[in-house]
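All heavy atoms count here, side chains included; hydrogens, waters and symmetry mates do not. Please read all numbers here as calculations on a predicted model, not as lab measurements. First the proteins, then the strands, lettered A, B, ... as listed; each starts at 1.
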Number of protein chains: 2
Amino acid sequence: MAYNEKTLSYYEETRNSIGYLTRIAFRSFSHALEKLTLPHGVTAGQWRFLRVLWIEDGLTQRELSRRVVMREPTTVTALQGMEKAGLIRREQCSEDRRRTLVYLTPKAKGLKATLIPCVIDVNLRATQGMTDAEIEQLKTLLAKVCDRLAESDGGGTGEA
Amino acid sequence: MAYNEKTLSYYEETRNSIGYLTRIAFRSFSHALEKLTLPHGVTAGQWRFLRVLWIEDGLTQRELSRRVVMREPTTVTALQGMEKAGLIRREQCSEDRRRTLVYLTPKAKGLKATLIPCVIDVNLRATQGMTDAEIEQLKTLLAKVCDRLAESDGGGTGEA
DNA sequence: CATGAATGTATAGATATCTAACCAATTATT
DNA sequence: AATAATTGGTTAGATATCTATACATTCATG
């Protein structure tokens with residue numbers, strides 16, 4: 001594959017690639033979010049699991065991994081932390097003893113009303129000054145990027 | 001501040017937040033990129049430092065951190081790995097002995113021609129099927145998100 | 001029903017990343 | 001010149017994340 005000088009120098013421009021921009025956006029997001037959730041004892045990683053569990057409880061760890069979009073070992077580690085923090089309890093499934101079902105504690109359920117507004121704030125701040133159409137376009141294009149890269153990859157958003 | 005039920009349920013939708021989408025986009029990007037660079041012995045983390053050093057050599061670690069957009073301790077760890085991998089050498093600055101200057105080895109310089117096309121590929125794949133205008137818009141909007149979240153944060157892209 | 005394949009979880013070991021605290025060298029101030 | 005503040009780098013300790021591997025249970029098949 002041949003790339004001319006112009007193409008090369010374009011991509012040398014550090015701050016102009018989608019890869020760079022998504023990294024910085026993700027980073028800024030995580031920091032901004034954690035700044036709001038940490039005072040409530042919830043890390044950014046735990047937040048991602050909570051969000052899924054607030055929608056549906058009693059999932060297996062595998063299913064949870066799939067929904068959060070993380071690998072199983074990551075889930076195991078995160079859940080250990082969440083169990084220690086009193087956010088979840090894990091229960092062995094009686095029908096299929098391989099499975100572990102994850103349930104939220106009342107404490108974690110109660111945090112929902114507190115934490116959701118935090119994320120709303122961060123999301124609003126992130127898109128401040130954009131029109132609704134721009135926000136929709138950003139989401140659409142980001143989702144496309146995810147799809148394109150997931151196709152060739154295997155791991156990713158590919159659940160639909 | 002008050003959020004109505006509609007707003008709340010909207011943000012409950014896991015896959016519809018900018019935060020989620022940037023995370024998945026970043027993740028997909030890193031995986032896709034590393035799949036191409038790892039065969040050449042370069043991790044995704046090292047790649048980010050290489051890209052900056054290819055543009056300018058002999059930077060202090062602090063300046064390097066600033067340009068890569070990472071904290072100093074992250075840089076220290078990454079550079080230790082890169083030194084071990086024979087990608088850089090570090091030299092104490094004679095005028096100001098606090099400073100350590102980072103130089104690329106010939107090996108690392110040689111990798112540029114090999115690795116840049118890898119990233120071009122990933123970036124092209126990520127934006128496949130988008131018009132140039134859409135790509136530009138995506139970059140513009142992502143950059144806006146970074147700016148908005150950096151303002152309130154402190155750490156981030158805030159170099160301008 | 002015994003054994004092999006598939007499934008669900010966990011462990012091992014690696015990289016990446018952060019914050020907080022610390023040390024060393026330089027610069028600024030009295 | 002002595003001391004305080006600043007600057008550059010590192011260490012310590014934590015979370016997050018991955019791949020590869022191992023272990024345990026269930027299912028499927030001869």
For each nucleotide in nucleotides 3-17 of chain D, reading 5' to 3', give B when a protein heavy atom comes within less than 4.0 Å of its base, S when such contact involves only the sugar-phosphate, and - otherwise.
----BBBBB----SB
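- Proximity of a side-chain donor or acceptor of Trp54(A) to a complementary backbone N or O of Ala108(A) within less than 3.5 Å is detected.
- Side-chain N or O atoms of Arg148(B) include none that pairs as donor or acceptor with a backbone N or O of Thr127(A) at under 3.5 Å.
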Using the rule given for side-chain contact (heavy atoms from CB on, under 4.5 Å), can you reason through Lys144(A) versus Glu134(B), listing the C-alpha separation, both sets of side-chain angles and the distance that settles it, and then say yes or no?
CA-CA 11 Å; Lys144(A) 268 188 193 166; Glu134(B) 282 175 326; 4.2 Å; yes
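- Remark: Arg89(B) is positioned above the aromatic ring of Tyr103(B), its terminal NZ or CZ atom under 6.0 angstrom from the ring centre and at most 45 degrees off the axis.
- Within the structure, side-chain hydrogen bond (donor to acceptor under 3.5 Å, both in side chains) pairs that include any residue of residues 72-82 of chain A comprise Arg62(A)-Glu72(A), Ser65(A)-Thr75(A) (at least two apart or interchain).
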